[in-house]
Amino acid sequence: MANNAELAIEISKLSKAYPGRNALNEISFSVKKGSIHGFLGPNGAGKSTTMKILSGLIPPTSGEFKVNGRVGFLPEHPPLYLNMTVKNYLEFVLSIYSDKPKNYAAVEQVISKTGLSSVEERLIGNLSKGFQQRVGIAQAIVHSPEMIILDEPTVGLDPVAINEIRALILELKKDHTILFSSHQLHDVELLCSDITLINHGEIVVTGPLQSIIEGIKTRLNIKAKVESFSETDRTKMMSHFKLESVHVVRDVDQNQVNLEIVALADEKIKKELSRFLSQENIGLLEFTEVKIDLEELFNKMVK
Amino acid sequence: MYFKKIMILVKKELKDAFFSPLIYILSGLFCFMMGWLFFNYLLQAKTLTTATMTQAVITPIFGNINFIFVFLCPLLSMRSFAEEKKQSTLDLLLGSQLSEMQIIWGKFISNLIQIIFMISFTMVFPLILAVSGYSDWAVVGSSYLGVLFSVMAYLAVGLFCSSLTDNQIVASILTFCLILGSMLLVITVNATNNYLLALIIQYSTVPFHYEGFVKGMIRSYSIVYFFSYVGFFFLLTLKSLQSRKW
């Protein structure tokens, strides 16, 4: 457990009840300073509620939370005045969020940081969705908060824009701690060092991404391509190793056999298995371990 | 500092308003109606030889200004919170260093300035009268003060209604109904024989107090009435904004 000075957010037993339903049920987790923390969960799990509470927009019903430093928040629908220019908008946001009188250098800095220089004089309403999302992120960081909370920053964007927003988030990591929610599991895999998974208002799992994936890995999925694979080879292999299943697909066109092997998790088995498949009468062509991805994790946990 | 933050919002709101066509459309409509009415009252004044210029022109003109703003105020104030809610920018304001009360003041002042802009066009009427020797400036002054107080009351109602919904049409209709309803309350006075009750109902309607101003009477209790009216609806708006925390 990281000590308190290293935490940007500490949440303990936070609950939020709306009339007739519990949006959050005593959730507890923490976000490390300087990290990108992914906040995952299906629709209606309580992600947005948690983020709104953290940014101070709504109070929790019970429980405590502590945010070290100021918070910049990008809600699911970016709060944009469509009839303002990008620059005017950011200056306005800065002036209502900061005590300092007109610090327009900060605005210029944020504009160049978020790649908005080419559109700073244009009306926000006329910009593409990708640019509007950037303006949304810019308004969250214009008053230089220590902590940025982004609620689904990549939703509804095209693949190019998604990549750009991802790069921007990575760039922001240098100066800020970031908590962001997403449906794009790929985003989370690429960006986050830690994740929290929430479902029905309860934390399913929280911690470093790698150790969570390791923790649920009880099976070893191996894909192999070999030149030939007879029924005897199969029986031999099944009796030699602790295997759960071996799936054989013959590829007549390419004159090879694809094997999908599920073994009980044991790192040593990989070496021995590859040696076995390297025999002359089998002829190993390819041998890869299929890593469990976040999607599987997500499905497994949410079930 | 408190006032400075309000002015940031006022400036932004005014920029929004004066860069959009609504205010000019409403001003044009208002000027057309008022000009037409002024012309007709002026023509009529020739035949009313016993009435003074104040009785024949100024008093009815200001009566009409007040009535027209019953329609125009809801159209101006409907945007205030409803649009912010729809664009989900209200959270941006509420999450900032502005307090709820500062936001309400900012919206109120900017709306009031827009209405003063519209009313300022009517100043040409007393000036035209002055050319033919009209000089009862005290009545003109108190009438303008009366208009100012009564639009303040309407705007306060408008802000409250706008804070209830994210639909501008609903906000404007609701405002209109509330203002007109409170005006029509005076008819209810006929239904009672209780003198005290009748007085109370009469006192609680805007036109009763406005009338005094147009006649050139600035009554202290009318000023108290308008301030408490605005204050009451400010309080309701504040509660409505805070209700997100309930």
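Order of the sequence lines sets the chain letters (A, B, ...), proteins ahead of strands, with each chain counted from 1. Below, each value reflects all heavy atoms present in this structure, side chains not excepted, and no hydrogens, waters or symmetry copies.
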Novice: Hey, is OH on A:Y18 packed in by over 12 heavy atoms from elsewhere, all under 6.0 Å?
Specialist: yes
Novice: Nearest 0.5 Å please: distance from the NE2 atom of A:H77 over to the OG1 atom of B:T89.
Specialist: 12.5 Å
Novice: So which residues of residues 144-157 of chain A are in contact with chain B at a heavy-atom cut-off of under 4.5 Å?
Specialist: none
Novice: At a heavy-atom separation under 4.5 Å, does A:S55 approach chain B through its side chain, its backbone, both, or neither?
Specialist: neither
Novice: Does a sphere of radius 6.0 Å around OH in B:Y2 hold more than 12 heavy atoms from other residues, nucleotides or ligands, not counting ones at 6.0 Å or beyond?
Specialist: yes
Novice: When only heavy atoms count and the cut-off is under 4.5 Å, which of residues 81-92 of chain A reach chain B?
Specialist: A:Y81, A:L82, A:N83, A:M84, A:N88, A:Y89, A:F92
Novice: Who among A:I58, A:L80, A:V93 has the most heavy-atom pairs with chain B under 4.5 Å?
Specialist: A:L80
Novice: Run the side-chain hydrogen bond (donor to acceptor under 3.5 Å, both in side chains) test against B:N64 and tell me which residues pass, sequence neighbours left out.
Specialist: B:Y41
Novice: Less than 4.5 Å apart, any side-chain heavy atom of B:Q97 and any of A:I96?
Specialist: no
Novice: In terms of heavy-atom pairs under 4.5 Å, which option from B:S96, B:G95, B:S88 contacts chain A the most?
Specialist: B:S96
Novice: Are there residues of residues 112-133 of chain A that reach to under 4.5 Å of chain B by heavy atoms, and which ones?
Specialist: none
Novice: Should we say atom NZ of B:K107 is surrounded by more than 12 heavy atoms from elsewhere, each under 6.0 Å from it?
Specialist: yes
Novice: What option among B:D91, B:L98, B:L90, B:L9 has the most heavy-atom pairs under 4.5 Å with chain A?
Specialist: B:D91
Novice: So, taking the atom named OG in A:S95 and the one named CE in B:M7, what distance separates them when rounded to the nearest 0.5 Å?
Specialist: 12.5 Å
Novice: Count the heavy atoms belonging to other residues, nucleotides or ligands that lie under 6.0 Å from CD of B:Q242, then report whether that count exceeds 12.
Specialist: yes
Novice: Would you mind checking which part of A:P78 comes under 4.5 Å of any heavy atom in chain B, side chain (CB onward), backbone (N, CA, C, O), both or neither?
Specialist: backbone
Novice: Near B:F121 CZ, under 6.0 Å, is it more than 12 heavy atoms from other residues, nucleotides or ligands?
Specialist: yes
Novice: Tell me if the CZ atom of B:F232 is crowded by more than 12 foreign heavy atoms within 6.0 Å.
Specialist: no
Novice: Could you look at A:E76 and say if it's the side chain, the backbone, both or neither that has a heavy atom under 4.5 Å from chain B?
Specialist: neither
Novice: With a 4.5 angstrom heavy-atom cut-off, is it the side chain or the backbone of B:E84 that approaches chain A, or both, or neither?
Specialist: side chain
